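Heads up, the thing below is written out as structure tokens.
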Amino acid sequence: ALEEELEEEPKEKKHLLKKSGQMVTVLQIGLCGLILLAAFLLLFFIVALGILFDMVGVAVTAADEKPFHAMAAKKVPGAGKAIWLLRNADKVASFCNDVVGDICGIISGAASAVIAGQIIAEIAQTGRGNVVQLAMSGLVAGMTVGGKAAGKSIAMRCSTNIVFLT
């Protein structure tokens with residue numbers, strides 16, 4: 001009887017090890033998905049940040065100073081800062097559009113390459129790596145160009161509100 005118990009113990013351990021191995025695999029797949037989701041969210045945040053700064057740069061160059069003088073006369077908080085932004089529109093627009101916009105563009109390109117690399121690593125056996133790289137590049141470029149085009153249009157129409165909220 002003792003010998004039978006000793007033989008059964010390794011079977012149970014093997015079974016538990018097999019189950020725990022399966023759970024680790026499921027967790028790894030889940031974590032890769034979460035990491036990939038977090039990477040996509042970070043990528044979208046970086047692109048959105050570039051679009052927002054581009055909107056501020058355009059709004060500062062398009063806004064009129066008169067409404068802000070009226071607000072400043074009524075002691076509206078933020079009106080003085082808005083006047084400062086407008087009087088330094090060239091520097092503000094250069095910083096927002098060129099510095100932050102370029103940095104966001106570079107970082108979003110690098111992030112899309114990393115995400116594409118992760119996806120390619122997960123589907124390496126299918127041989128569709130080039131498709132993933134092209135899709136990621138197209139996605140980021142489309143979001144950036146389309147978002148900036150829409151953002152500039154909005155910034156031109158709502159420049160006073162954007163400057164005031166800045």
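Predicted model, so just to flag it, every value in this text is computed and none were measured.
- Residues F68 and T160 form a side-chain contact, since some pair of their non-hydrogen atoms from C-beta on lies under 4.5 Å apart.
- Nearest approach of S112 to L43, heavy atoms of both residues: N-CD1, 4.3 Å.
- Between S159 and A59 the shortest heavy-atom distance is CB-O, 3.5 Å.
- Taken together through direct or relayed side-chain contacts under 4.5 Å among Ile, Leu, Val, Met, Phe, Trp and Tyr, I154 and V58 form parts of separate hydrophobic clusters.
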Would you tabulate the side-chain donor-acceptor contacts of residues 96-110 under 3.5 Å, counting partners in other chains and residues two or more places apart, or write 'none'?
unit_1	atom_1	unit_2	atom_2	d
S108	OG	C104	O	3.0
S108	OG	G105	O	3.1

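- The hydrophobic clustering, which links ILVMFWY residues whose side-chain heavy atoms are closer than 4.5 Å, places V140 and I46 apart.
- Shown here for V60 and L85, the closest heavy-atom pair between the two residues is CG1-O, 3.4 Å.
- Criterion: ILVMFWY side-chain heavy atoms under 4.5 Å apart, direct or through other members. Under it, I51 and F44 are part of a common hydrophobic cluster.
- Residues M156 and L86 do not share a hydrophobic cluster, clusters being chains of Ile/Leu/Val/Met/Phe/Trp/Tyr side chains in contact below 4.5 Å.
- Contact check for V56 versus L52: no side-chain heavy atoms found under the 4.5 Å cut-off.
- Pairing each heavy atom of A93 with each of G57, the nearest pair is CB-O, 3.6 Å.
- The side-chain hydrogen bond (donor to acceptor under 3.5 Å, both in side chains) contacts involving residues 47-67 comprise E65-H69, E65-R87, where partners must be two or more places apart or lie in separate chains.
- Within 6.0 Å of the CE atom in M71, the count of heavy atoms belonging to other residues, nucleotides or ligands exceeds 12.
- F40 and M143 fall within a single hydrophobic cluster, where Ile, Leu, Val, Met, Phe, Trp and Tyr side chains are chained together by heavy-atom contacts under 4.5 Å.
- Interatomic distance, OG of S153 versus CE of M55, reported as 9.0 Å (0.5 Å rounding).
- Classified by interplanar angle (parallel below 30°, tilted 30° to 60°, perpendicular above 60°), the ring pair F53/F95 is perpendicular.
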